[in-house]
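Right, one structure below, let's go through it.
Below, chain A is the first sequence line, B the second, and so on; all start at residue 1.
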Amino acid sequence: MEYPFGKIERKWQRVWREKRIFSAPQKSEKPKYYVLSMFPYPSGVLHIGHASNYSIGDAVTRLKMMQGYSVMQPMGYDAFGMPAENYAIQHNSHPRITTEENIAAMRSQFDGMGFGLDWDREVSTCRPDYYRWGQYIFKKLYEKGLVYRKKSFQNWCEECQTVLANEQVEDGSCWRCGSEVEQKELEQWYFRITDYAEELLDFSKIIDWPERVMTMQKNWIGKSEGAKINFMLENSETQIPIFTTRPDTIYGVTFMALPPEHPLVQAWLASEPDNKALHDFCRKVINEDKLLRSSAEAVKEGVFSGRYCINPLNGDKVQIWITNYVLMDYGTGAVMAVPAHDQRDFDFAKKYKIPIKIVIQKPDSSLVLEEMTEAYIEPGIMVNSQQFDGMESEAAKAAITEWAAQNGWGEQTFTYRLRDWGISRQRYWGNPIPVIHCPKCGVVLVPDRDLPVRLPDNVQVGRTTSNPLLSVPEWLNVSCPQCGEMARRETDTMDTFVDSSWYFARYADPKNDKEPFNPEQANYWLPVDQYIGGIEHACMHLLYARFFHKFMRDLGWVNSDEPFARLLTQGMVTKDGAKMSKSKGNTVDPQYIIDRFGADTLRVFLLFASPPEKDVEWSDDGVMGAFRFLNRVWRLIDGNQDLIVKGLSCNPGEIGEEIAELRYQVHHAIYRWTEDCLQRMQYNTAIASAMELLNAIVKIKEPEKLVDAELAVYGFACAALPKMLYPFAPHIAEELWEILRREKLLHESGLPGYEERYLQRDSITYVIQINGKLRGKLEVSPATSSETLQAMALEVENVKRCLDGLSVKKIIVIPGKMISIAAGK
RNA sequence: GCGAAAGUGGCGGAAUUGGCAGACGCGCUGGACUUAGGAUCCAGUGAGGCAACUCGUAGGGGUUCGAGUCCCCUCUUUCGCACCA
């Protein structure tokens, strides 16, 4: 007989809802705890990944409630973006309609999983009451000088009619639709995240993040120290600033390398419309996809510009080349090339027969120009570098930078790999940028009283050749808020990462219609105590959210430095070793599992299969195992309920050996469970402890024959099971708890408790090792002294045999564990 | 190429600080029972050996009374970054 999981799950979901136990109060005598899982894109169907991720957050939530915290676990929807637009197109509908339908469908599936979510705080980024405040924050960023427009070459997806972030280009193709990405010059809106680069490198205010996420962010930001040096264009006043991390090699510059995107190159192209070679080369390189262009295999190519510049340090006249191996986005976009000491420059110089000049000599002076087959990039002794000759090259870095600074040629500087955040998207289904373009006044921010700039409903959503917002004249054409003349709205919408960069704060005050959130309420809940989400967000979402949080702190809206105190990056669910996906055809429908075995079974399987941060391999047999386990627990407690209830009111007293062993087992299991749940977040072993406890209890074959004092232990052991299961299988746990006639609900019944004194057994087993090999065992009382143990060990028959012919050199006693004998000839 | 993490039975995984390797679950083998179930219960299950014992945590070396755990080298896998000047 299977336990009636369907009835039980519906019953307790109703009770939790009616008692509103997951509605987090704004004030509480208990300490607060904020649990947040990354909100989903509302696809309309719960997939196994959602079930897995949110089971972790729910386990944390229920544990912290048992522990006595006032817990908030909110949920919302990251509802803007291209998938929603595409979904609507496919279903011949409107994203507003399909998205709201999907949200309703997902919410009922979340409820079917029994997640303890505070639905009073639900947020959806596509609703005007939310995106209004995103526009408001945009204006604040603008007012603080953190927003600017820039014309630049962008990854352009013709299929999606939108700009893609570099991070959104995968192997030269659009990450959403897979079509080829080309380069197009566009005026774009940017957030100056680089202003916060230095602070974003500081993780000291974070309590517990995985080391590897912090490392990834550090590498992503990519700080490097170096010098900015201004070269002069020959016969001109034009400066060409370069950034270098190797100012010690500056006397070895033999050419300058510029990318085709460089403004100077663009100017030359404009002034020489007939220079076919130059035009062809530049067009070719610009349209090469950026990833391919920056791959190690790419062949270095270039054309001589016919122009020269002057090295300010020694007055050398240097050829300027236009190349495919320099990136406009990094440093100043111009590179001083030192072939002798940089491998890329070396390869390029060899290919185009550009001179090479050694300025750093190996310590053994063995470097000979004619014999060089590769660049010498190690430190060494300065040569051919005027007054710096003879210096150590590492010391010369600072000396040369200082010399250049004193003469006004340059300065010491830092540069970051991190680029400013391009937020413009040429799509309909996003948050409109609250800007009006006036022919007279220029860029004008939409006044607060006119916020939100609402998305018009009457657009043709489809694969049009331009942004659908352009097709709504009554929305597009407005009068200028400043001068009243006819003006035009900005039609770009914001990257959806903007929406998800502050939602964690909105949950604290989700219905506020005066401001994004009330600072006092936000500060009560923030920072998020436990954030849970995928590792794939390490460099984008998690970095953008930290940037926004620091900006909001600088505005005085929040008083913490970091949004997420602890981070858990959960693994994904795989099947046959691969990520589940429709295209691979290896998906599993969680709804089927819920209907057939119950949500509790699905949750226990997902949490038991591996630790939360590791991938879970799907296994139908594993699901059956979880189901069998819950059924065994059910039969034990449901079948012995009167006995257990009686035991719970019995007094302790004399007990037999078998029950003494059970008492040790139950206290030990609770101890392990507590450590695994609270200290280590290792739910797979916490569940294993509950299984071990069950196995220990069912060893008692005839509980009805137990005397009262023994029944007290038996009852205690059985009653521990619902508590231990509550974070993972809450429905069956509540039902069993009720069967045992406990009065409160489990979340207010406290953690299961163990007693230290029962973690000791009456006798303990010492193992005896001789030279590291197991040679015997010893059953003794825990109080046995070290000397006695040593003597006893030497009397063990097998030990005596193994020591025959050897002399004992040393005996080491590890209290409670082992006796180690070192012996030799 | 650089950086990070990992490698344990047939499988998923345990082993909190260096202290009985393989907890727990799956699978498998044998048995019991039967209201033949996606049941339940009992016993067994790293390899070799009749046994005493030997071997065993990717491979090789080292430190230690004692190493899955610490150190060095090699191999493999995964992830991140990648002409970053």
Side-chain angles (χ1 to χ4, degrees), chain A residues 1-2 210-220 222-224 226 242-246 249 257 291 293-300 323-327 329-338 341-345 347-348 415-417 535-536 538-539 596-597 604-605 608-611 613-629 631-632 635 672 675-676 679-680 682 684-692 694-695 698 701 765-774 777 798 801-802 808-824:
Chain A
M1 277 292 282
E2 293 173 354
E211 199 58 44
R212 79 183 169 129
V213 174
M214 294 190 284
T215 306
M216 282 163 78
Q217 288 204 354
K218 275 178 198 159
N219 292 340
W220 189 264
K223 181 180 184 176
S224 51
I242 60 96
F243 172 78
T244 181
T245 55
R246 294 293 306 272
T249 65
L291 259 136
R293 200 169 136 193
S294 59
S295 87
E297 292 82 44
V299 181
K300 291 171 187 58
T323 74
N324 65 345
Y325 77 94
V326 174
L327 300 177
D329 304 321
Y330 187 76
T332 61
V335 171
M336 64 169 214
V338 186
H341 305 294
D342 181 283
Q343 191 57 42
R344 292 150 300 166
D345 299 343
D347 295 342
F348 192 86
T415 197
Y416 301 89
R417 189 188 155 283
I535 186 89
E536 68 272 19
C539 294
R596 177 59 192 85
F597 303 106
V604 167
F605 163 71
F608 178 63
S610 75
E613 67 279 2
K614 280 183 70 174
D615 289 353
V616 175
E617 171 69 14
W618 181 265
S619 155
D620 290 332
D621 288 329
V623 174
M624 288 308 303
F627 188 55
R628 271 200 291 270
F629 166 60
N631 273 293
R632 289 178 71 208
R635 283 197 301 273
R672 290 263 312 269
E675 291 287 302
D676 288 343
Q679 250 67 56
R680 307 202 300 160
Q682 195 166 303
N684 56 331
T685 49
I687 293 169
S689 296
M691 290 173 168
E692 283 176 271
L694 173 67
N695 292 343
V698 298
K701 289 296 169 208
T765 308
Y766 274 84
V767 297
I768 305 166
Q769 282 188 356
I770 298 172
N771 294 334
K773 298 219 183 291
L774 181 65
K777 292 192 179 183
N798 195 43
R801 198 177 55 77
C802 292
V808 174
K809 298 231 153 61
K810 196 156 97 179
I811 303 182
I812 297 156
V813 176
I814 310 298
K817 290 198 169 140
M818 67 155 55
I819 301 149
S820 185
I821 302 169

Original post:
P atom, U74(B) versus U64(B): distance in rounded Å?
Top reply: 24 Å
Subject >> Nearest to side-chain heavy atoms of V326(A), which nucleotide of C20(B), G25(B), A85(B) >> reply: A85(B)
Original post:
Can you tell me how far C1' in C2(B) sits from the matching atom in C53(B), rounded to whole Å?
Top reply: 49 Å
**OP:** Answer yes or no: is there a side-chain heavy-atom contact under 4.5 Å between R344(A) and K300(A)?
**Re:** yes
**OP:** In whole angstrom, give me the gap between the C1' atoms of U40(B) and A47(B).
**Re:** 33 Å
Subject >> Heavy-atom check, side chain of T685(A) versus side chain of E692(A), under 4.5 Å >> reply: no
Subject >> Distance-only donor-acceptor check, side chains N631(A) and R628(A), under 3.5 Å >> reply: no
Subject >> P atoms of A58(B) and A14(B), separation to the nearest Å >> reply: 15 Å
Original post:
Judged by atom type as modelled, is there a donor-acceptor pair below 3.5 Å linking the side chain of Y766(A) to the main-chain atoms of K777(A)?
Top reply: no
**OP:** Look at the side chain of I812(A) and decide which nucleotide, out of U40(B), C65(B), C20(B), has an atom nearest to it.
**Re:** C65(B)
Original post:
Among A14(B), A85(B), C41(B), which is the nearest nucleotide to the side chain of F243(A)?
Top reply: A85(B)
Original post:
Is the phosphate of C26(B), meaning OP1 or OP2, less than 4.0 Å from a side-chain N or O of R628(A)?
Top reply: yes
Original post:
Mind checking the C1' distance from G19(B) to C70(B)? Whole angstroms is fine.
Top reply: 14 Å
**OP:** Would you indicate, yes or no, if G25(B) has its OP1 or OP2 atom less than 4.0 angstrom from a side-chain nitrogen or oxygen of N695(A)?
**Re:** yes
**OP:** Could you work out the separation of G7(B) and C41(B) based on their P atoms and round it to a whole Å?
**Re:** 34 Å
Original post:
How is G625(A) classified with respect to the nucleic acid when contacts are heavy atoms under 4.0 Å: base, sugar-phosphate, or nothing?
Top reply: sugar-phosphate
Original post:
Below 4.0 angstrom from OP1 or OP2 of A15(B), is there any side-chain N or O of R680(A)?
Top reply: yes
**OP:** Identify which nucleotide among C24(B), G19(B), C79(B) has an atom closest to any side-chain atom of I814(A), counting heavy atoms from C-beta outward.
**Re:** G19(B)
Subject >> Interatomic distance, Q682(A) CD vs U16(B) C1' [rounded to whole Å] >> reply: 9 Å
Subject >> Presence of N798(A) side-chain N/O under 4.0 Å of C53(B) phosphate oxygens OP1/OP2 >> reply: yes
Original post:
Could you walk me through whether M691(A) and F629(A) pass the side chain to side chain contact (heavy atoms under 4.5 Å, CB included) check?
Top reply: CA-CA 7 Å; M691(A) 290 173 168; F629(A) 166 60; 3.5 Å; yes
**OP:** Return the 5'-most residue of the pair A626(A), A822(A) with respect to RNA chain B, ranking by each residue's nearest nucleotide.
**Re:** A626(A)
**OP:** Check every strand shown and say whether E692(A) touches a base, only sugar-phosphate, or nothing at a heavy-atom separation below 4.0 Å.
**Re:** sugar-phosphate
**OP:** Specify the separation, in whole Å, of atom CE of M336(A) and atom C1' of C84(B).
**Re:** 14 Å
Original post:
From the list C65(B), C41(B), A23(B), which nucleotide is the closest neighbour of the side chain of S820(A)?
Top reply: C65(B)
Original post:
C24(B) phosphate, OP1 or OP2: any side-chain N/O from R672(A) under 4.0 angstrom?
Top reply: no
Original post:
Donor-acceptor pair under 3.5 Å: do we get one between K817(A)'s side chain and the base of C20(B)?
Top reply: no
**OP:** Starting from the 5' end of RNA chain B, give me the residue, D621(A) or D342(A), whose nearest nucleotide shows up first.
**Re:** D621(A)
**OP:** Could you check whether M691(A) gets within reach of a base, just the sugar-phosphate, or nothing at all, counting any heavy atom under 4.0 Å?
**Re:** sugar-phosphate
**OP:** Could you give the distance separating U77(B) and G44(B) at their P atoms, to the nearest angstrom?
**Re:** 41 Å
Original post:
With a non-hydrogen cut-off below 4.0 angstrom, is A688(A) in contact with a base, only sugar-phosphate, or nothing?
Top reply: base
Original post:
To the nearest angstrom, how far is D620(A) atom CG from C11(B) atom C1'?
Top reply: 14 Å
**OP:** Say whether, by atom type as modelled, one donor and one acceptor occur between the side chain of N771(A) and the main chain of A823(A) under 3.5 angstrom.
**Re:** yes
Original post:
So, S610(A) and N684(A): side-chain donor and acceptor under 3.5 Å apart, yes or no?
Top reply: no
Subject >> Electrostatic pair R596(A)-E2(A), nearest N-O below 4.0 angstrom >> reply: yes
Subject >> Rounded interatomic separation in angstrom, taking CD from Q217(A) and P from C81(B) >> reply: 12 Å
Original post:
Hey, does D345(A) reach any base, or is it just sugar-phosphate, or nothing, if we go heavy atoms under 4.0 Å?
Top reply: nothing
Original post:
Mind checking who G10(B) pairs with, Watson-Crick or G-U wobble, both distances under 3.5 Å?
Top reply: C26(B)
Original post:
N324(A) has an atom CG; how far is it from atom C1' of A85(B), in whole Å?
Top reply: 15 Å
**OP:** Starting at atom CE of M216(A), determine the distance to atom C1' of G80(B), rounded to an integer number of angstrom.
**Re:** 5 Å
Subject >> Listed nucleotide nearest any side-chain atom of T685(A), set G19(B), A23(B), G13(B) >> reply: A23(B)
Original post:
Would you say R417(A)'s side chain and W220(A)'s backbone share a donor-acceptor pair under 3.5 angstrom?
Top reply: yes
**OP:** Could you work out the separation of G9(B) and U57(B) based on their P atoms and round it to a whole Å?
**Re:** 9 Å
**OP:** Give a yes/no on whether any side-chain N or O of R632(A) is located under 4.0 angstrom from OP1 or OP2 of A39(B).
**Re:** no
Subject >> From A23(B), G3(B), A85(B), nucleotide with atom closest to S224(A) side chain >> reply: A85(B)
Original post:
Taking the six-membered ring for Trp, are Y325(A) and F348(A) parallel (under 30°), tilted (30 to 60°) or perpendicular (over 60°)?
Top reply: tilted
Original post:
Is the distance from OP1 or OP2 of C2(B) to the nearest side-chain N or O of Q343(A) less than 4.0 Å?
Top reply: no
**OP:** Taking only the side-chain nitrogens and oxygens of R344(A), find out if one of them lies under 4.0 Å from OP1 or OP2 of C84(B).
**Re:** yes
Subject >> Proximal nucleotide (of G38(B), C41(B), A85(B)) relative to the M624(A) side chain >> reply: G38(B)
**OP:** Just call it for R417(A): base, sugar-phosphate, or nothing, with non-hydrogen atoms closer than 4.0 Å on any strand.
**Re:** base
Subject >> Nucleotide nearest T245(A) (side chain, heavy atoms from C-beta), chosen from A85(B), U40(B), A14(B) >> reply: A85(B)
**OP:** Take atom CH2 of W220(A) and atom P of G80(B), then tell me their distance rounded to the nearest Å.
**Re:** 11 Å
**OP:** Would you tell me if any nitrogen or oxygen in the side chain of R212(A) comes within less than 4.0 Å of OP1 or OP2 on G3(B)?
**Re:** no
**OP:** Determine the contact category for R596(A): base if any of its heavy atoms lies under 4.0 Å from a base atom, sugar-phosphate if only primed atoms, P, OP1 or OP2 are that close, otherwise nothing.
**Re:** base
**OP:** Would you mind reading off the distance between K773(A) atom NZ and U54(B) atom C1', rounded to a whole angstrom?
**Re:** 9 Å
**OP:** Name the nucleic acid region contacted by K701(A), choosing base, sugar-phosphate or nothing; use a 4.0 angstrom heavy-atom cut-off, strictly under.
**Re:** sugar-phosphate
**OP:** Check every strand shown and say whether N684(A) touches a base, only sugar-phosphate, or nothing at a heavy-atom separation below 4.0 Å.
**Re:** sugar-phosphate
